[in-house]
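Worksheet: one structure, shown below.
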Amino acid sequence: MIKVLFFASLREQLGCDAVDVAADQLGSVAELRSSLATKGEAWHVALSNEQLQVAVNQELCDMQAAISDGDEVAFFPPVTGG
Amino acid sequence: MIKVLFFASLREQLGCDAVDVAADQLGSVAELRSSLATKGEAWHVALSNEQLQVAVNQELCDMQAAISDGDEVAFFPPVTGG
Amino acid sequence: MAVDISISVQAEGFDPGAEYNRLRSDNYSDGATAMFVGNVRDFYVADSEEGAAQKKSVSVLELEHYPGMAESALAGIAREAAERWPLGRIRVIHRFGPLAAGDEIVFVGTTSAHRQASLDACAFIMDFLKSRAPFWKKEVGVGDDGKTQSSWVEARSSDESALKKW
Amino acid sequence: MAVDISISVQAEGFDPGAEYNRLRSDNYSDGATAMFVGNVRDFYVADSEEGAAQKKSVSVLELEHYPGMAESALAGIAREAAERWPLGRIRVIHRFGPLAAGDEIVFVGTTSAHRQASLDACAFIMDFLKSRAPFWKKEVGVGDDGKTQSSWVEARSSDESALKKW
């Protein structure tokens, strides 16, 4: 399983803060994102946001990053702390 | 009269923290400095220091700055505060 | 000598004066201490019903964070600073949860034997924190109709471009 | 809106935490506060009789200043910073007289709506203070023979060259 987390405005758009996804056939963040986008119109729209950032196992990555079973993947909008 | 002040290592070298000098014929800081240098060997040596800085009426100036009766002129080594 | 790095991600407030005292405690080798504190401004959000002319004071700032990654991102930024500058101590605090106007949000403190190193490292940590640490701000206010309004703060491109100078 | 500038040249100590609180008091428009504190380091001077191998701990730092000009030089530097950056408040404190290891020497604090402005202005004020404000440091220590030894701190060319970036 891959644990997927959503934060901030993305979390609100999806009405969901986390899902578990079977790791089968998901080799990269981009593939995971495409797969999640099929869960419904809200998911398709929210995950199409060009500005979305991703972290794999709590490290910022790009969308081509490889993922595998047991990973924690987080999607979120650009950060605004500080 | 021109009030002349000396600070820090210069003050110690001269053994003097202030002198009053008649303003007659002293048109610039450079002329004042030359005049003071005639007060003795210690004065000649100390005032020859190329790094000396000068303030006229508490504003940093260069040695060509004009001076006139009533001015306060201070000579000192490079500052080391902060 | 290893740099002493301390990171806190917390809901509780903090006291910049106490943080200064801790940075200085038994620290006689570093003559320079640079600090930055970020506070909640008394800003305004547009009332979505009435338009920009009807701005309302923001009563609360909600800070969301990614637990675990927030700490490790801040620690990574601090370690990067410790590699670039001769620092003695680095202290970073970032709060999450609801905050009111005037409240402290973030503290960055650095000590060094060199003034420029402490100031540059402090600015560097703030710049990277702004664009790389997983925190998100939401402004919450109350409109004329008494209803709660909220909006997520937009990231600014100036924050991303601030990284280029390092 | 005029920038609130406060300058103190004093023999007494100061409390950076209290200075922070004053910079923030009723200040809801500036979300950014940058501060720099300079402290006396526990440094060493060469024993003039025995050579570099016999270094002695400095027990006191004597800070001489030019009364009147010290205040006006610091105020001039603060005004220059206020013209360059959008600042709310500027606080500068510089001590004179005898100081011991660990003692605070100088405080610079700036507030702004913009983090970079507060940090840049704080660094700018420190850089100009180092090369333009009339203060002189003398290190005073005690040698093996029990005699007091002292030496004036030499100005560093790096301080003068630090001004070029502004």
Side-chain angles (χ1 to χ4, degrees), chain A residues 1-21 23 26 28-30 32-33 36 42-82, chain C residues 9 36-41 43 61-77 92-97 99 104-108 122-140 150-163:
Chain A
M1 297 293 269
I2 292 170
K3 183 179 179 189
V4 188
L5 306 175
F6 308 103
F7 290 98
S9 56
L10 179 63
R11 175 178 52 71
E12 289 186 348
Q13 287 173 280
L14 300 177
C16 171
D17 62 2
V19 290
D20 285 333
V21 174
L26 294 177
S28 72
V29 170
L32 170 63
R33 185 180 181 173
L36 291 167
W43 291 71
H44 179 75
V45 170
L47 290 166
S48 298
N49 184 342
E50 295 279 326
Q51 299 209 295
L52 278 192
Q53 300 188 346
V54 66
V56 175
N57 298 327
Q58 307 193 352
E59 295 249 1
L60 282 174
C61 292
D62 63 33
M63 292 294 165
Q64 307 321 314
I67 54 175
S68 57
D69 198 32
D71 281 349
E72 175 177 300
V73 179
F75 292 97
F76 43 78
V79 303
T80 57
Chain C
V9 175
F36 179 86
V37 186
N39 296 70
V40 181
R41 279 194 286 164
F43 44 87
L61 190 72
E62 285 273 354
L63 254 158
E64 181 168 333
H65 76 302
Y66 181 173
M69 182 179 167
E71 290 84 348
S72 64
L74 295 177
I77 295 166
V92 181
I93 311 174
H94 203 302
R95 293 176 69 187
F96 59 82
L99 299 171
E104 281 81 13
I105 304 170
V106 62
F107 177 92
V108 174
C122 186
F124 171 92
I125 292 169
M126 275 308 302
D127 278 351
F128 276 80
L129 181 158
K130 277 270 177 187
S131 291
R132 297 287 183 266
F135 294 90
W136 300 270
K137 289 196 186 102
K138 186 190 214 175
E139 298 168 352
V140 183
S150 68
S151 63
W152 291 96
V153 173
E154 293 278 324
R156 292 178 306 179
S157 59
S158 63
D159 284 332
E160 186 64 29
S161 57
L163 302 187

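Chain naming here is simple, since letters A, B, ... match the order of the sequence lines and numbering starts at 1 in each.
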Main-chain N/O of A/Gly82 paired to C/Lys137 side chain as donor or acceptor, under 3.5 Å: yes
Most chain A-contacting option - heavy-atom pairs closer than 4.5 Å, from C/Phe135, C/Tyr66, C/Phe36: C/Tyr66
Contact origin within C/Ala133 toward chain A - heavy atom pairs under 4.5 Å: backbone
Side chain / backbone / both / neither for A/Glu12 at chain C, heavy atoms under 4.5 Å: side chain
Residue C/Arg95 versus chain A: region with a heavy atom under 4.5 Å: neither
Between C/Arg132, C/Glu62, C/Met126, the one whose heavy-atom pairs under 4.5 Å with chain A are most numerous: C/Arg132
Per-residue contact mode, C/Glu154 against chain A (heavy atom under 4.5 angstrom): backbone
Minimum-distance pair of heavy atoms, taken over all atoms of C/Met69 and A/Ala55: SD-CB, 3.6 Å
Residues 68-80 of chain A: residues contacting chain C (heavy atom under 4.5 Å, by number): A/Glu72, A/Ala74, A/Phe76, A/Pro77, A/Pro78, A/Val79, A/Thr80
Contact class of C/Ser131 relative to chain A, heavy atoms under 4.5 angstrom: backbone
Non-hydrogen atoms of A/Phe7 and C/Pro67 that approach each other most closely: CE2-CD, 4.3 Å
